[in-house]
2 protein chains.
Amino acid sequence: MTQQTRPGGVQSVGRALDILELIDQSGGEMALVEMSAASGLPMPTIHRLVRTLVDRNYLRQLPDRRYALGSRLIPLGNAALDAFGSRSSSKLADVVRRLGESANLAALDGDMLVYVGQAPSPRAMRMFTQLGQHVHPHCRAAGKALLAQLDDDAVRGILDRVGMPKVTEATITDPDEFIEHLARVREEGVAHEYGEMEDGVICLALPVVGGVSRLALSISGPAARMTDALQERAIPVMREVAGELAVQLAG
Amino acid sequence: MTQQTRPGGVQSVGRALDILELIDQSGGEMALVEMSAASGLPMPTIHRLVRTLVDRNYLRQLPDRRYALGSRLIPLGNAALDAFGSRSSSKLADVVRRLGESANLAALDGDMLVYVGQAPSPRAMRMFTQLGQHVHPHCRAAGKALLAQLDDDAVRGILDRVGMPKVTEATITDPDEFIEHLARVREEGVAHEYGEMEDGVICLALPVVGGVSRLALSISGPAARMTDALQERAIPVMREVAGELAVQLAG
DNA sequence: TTCCATTATTCCGTATTATGGAGTGTAAAT
DNA sequence: ATTTACACTCCATAATACGGAATAATGGAA
């Protein structure tokens, strides 16, 4: 029972996608019985769906008859990443050049935050961000910047569904407090994050408005380097680049 | 009419995958009518499938009502890449540092060769390899290294099914000649490729034995730089790294 | 602005298609 | 050799996806 069947959708397609996501969540490989147990579907049904996915290389069968994600997903993932914002990398590199800290571009994917563009800082100590990684939005500056663009009810819905895990001491875990926090983000037009995702890491984010899909531009670095002075210097730079990105990603 | 319906497969799932691939091939976005035309399926059918994919974030609808690949594909693509062997990149970078030429890691995916890891040469003129790209194995050093591990009948089956397109003047297009060629690869333990994929490009590959899935490590560069001296120097380095990779990817 | 052509979306009766219980095959464990 | 556990196949059933026809939304032309 991974996903609810939506009205107007195609059942078997939904089930096939469930299988892909199930395998992904289970660390990359799964036996047929495990899928059957996890999804609540009988073995023959699972088997037929898996067979279809294997025929098309979306899954592959390992020598021990277990199943793993297939290679056809790789080019699709790359293409999707491109379509989102890899054309942004030169702009992100620009931010890094001018501020010296890692820059990221993130989008809301359903209820989670996904990183779609990234430029690492040249410094040895820097944030490591995996493109395509899905993370909880409540403990990231970029997540706040994006959620601040939704109305409170929508935000509450998201927080309800995915929860607010306490990642560090500073993580906001109370929905009411978070919503209040978002109000300040809306006022300032900038989202801050002080060690809510990782101790000693400070992030700054602002929304890229006007683009195709709602994106947020963020920078992150260790507290020692993310001084108030740097933050003040960063905001106009980020605003400028966010504007350029909005134009660039609109077409 | 993108793909033939296989026996035992689920029709609607196949059609959904067709749509994803269609959009990928069409440069990332498509209107419903275009999909309908390209697939030969009526609009309502396409619409229902697309709807299912949009609900699940495998597609997203742009403001102009066209459709593009969705963000849910990104983590799946990453996971698939990982499952294949992208944890290899530091080792590949090592090869590049020591030899100065681009290094790749490739696997057989069904009958085709797929690149699962890559480290580009620092030189301006270098091979451009797209991760996840599927190519014919007969005109790549890595493909030869992998096919050399199969028996001749299996190789003949693959060549039959995917064909041996003549990519350059040097491409081997005769199955018998190719099989004979593989015998030499087995003797030497190294696969060579002299401009069979692109004029003036020389590649060298050897198998990574012992890993989970059969992989091949290759380097490639322009003929002017891939001198006999470099090749001789390269082979022990590659053998060493291939050994390390085998250990690393076994767990 | 209105009109028209094009495309997206919804409806719904039909029968094609996916379903899953029962049964067979296979490989590893005891 | 026997058991167990899982992968895989078959096939009658009906639930599900299908697609023709109708409707709504859109963007461009007059």
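Letters go in sequence order (proteins before strands), and every chain restarts at 1.
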Q. So among A:Arg60, A:Glu29, A:Gln61, which one has a side-chain hydrogen bond (donor to acceptor under 3.5 Å, both in side chains) with A:Tyr67?
A. A:Gln61
Q.
With a strict under 4.0 Å distance from non-hydrogen atoms of chain B, what nucleotide opens and what nucleotide closes the contacted stretch of DNA chain C, reading 5' to 3'?
A. C:dT7 to C:dA18
Q) At under 4.0 Å between heavy atoms, what does B:Thr45 touch on the DNA or RNA strands: base, sugar-phosphate, or nothing? A) base
Q) Given D:dA7, is OP1 or OP2 found less than 4.0 Å from the side-chain N or O atoms of A:His47? A) no
Q) Does the A:Ser36 side chain pair with the main chain of A:Leu41, one donor and one acceptor, at a distance under 3.5 Å? A) yes
Q: Give a yes or no on whether A:Glu188 atom CD has more than 12 heavy-atom contacts from other residues, nucleotides or ligands under 6.0 Å away.
A: yes
Q: Take atom CG of A:Leu49 and atom P of D:dC8, then tell me their distance rounded to the nearest Å.
A: 14 Å
Q | 5'-most by nearest nucleotide on DNA chain D - A:Pro44 or B:Leu41 | A | A:Pro44
Q | Distance in angstrom units between B:Arg48 CZ and D:dG19 C1', rounded | A | 8 Å
Q | d(CD, A:Gln11; P, D:dC18) in whole Å | A | 12 Å
Q) Tell me: CE of A:Met43 to P of D:dA7, nearest whole Å? A) 5 Å
Q.
Using a distance-only criterion (donor-acceptor N/O pair, under 3.5 Å, no hydrogens), is the base of D:dG27 paired with the side chain of B:Arg65?
A. no
Q: Would you classify A:Glu34 as touching base, sugar-phosphate or nothing, given that sugar-phosphate means primed atoms plus P, OP1 and OP2, and contacts are heavy atoms under 4.0 Å?
A: nothing
Q: From the options D:dC8, D:dG20, D:dT9, select the nucleotide whose nearest atom is closest to the side chain of A:Arg51.
A: D:dT9
Q.
Classify B:Arg15 by what it touches in the nucleic acid, base, sugar-phosphate, or nothing, heavy-atom distance under 4.0 Å.
A. sugar-phosphate
Q: Look only at the side chain of B:Thr52 and the backbone of A:Val13, and say whether a donor-acceptor pair between them is shorter than 3.5 Å.
A: no
Q.
What's B:Pro42 touching, base or sugar-phosphate or nothing? Going by heavy atoms closer than 4.0 Å.
A. sugar-phosphate
Q.
Taking B:Asp174 first and then B:Arg156, would you say they form a salt bridge - that is, a charged N and a carboxylate O separated by under 4.0 Å?
A. no
Q) Judged by atom type as modelled, is there a donor-acceptor pair below 3.5 Å linking the side chain of B:Glu34 to the main-chain atoms of B:Ala31? A) yes
Q: Can you tell me the distance, in whole Å, between the CD1 atom of B:Ile19 and the C1' atom of D:dA17?
A: 13 Å
Q) Roughly, in whole Å, what's the span from OH in A:Tyr67 to P in D:dA7? A) 7 Å
Q. Which whole-number value in Å describes the distance from A:Leu32 CG to D:dT9 C1'?
A. 13 Å
Q: Without swapping roles, check the side chain of B:His181 against the backbone of B:Asp176 for a donor-acceptor pair under 3.5 Å.
A: no
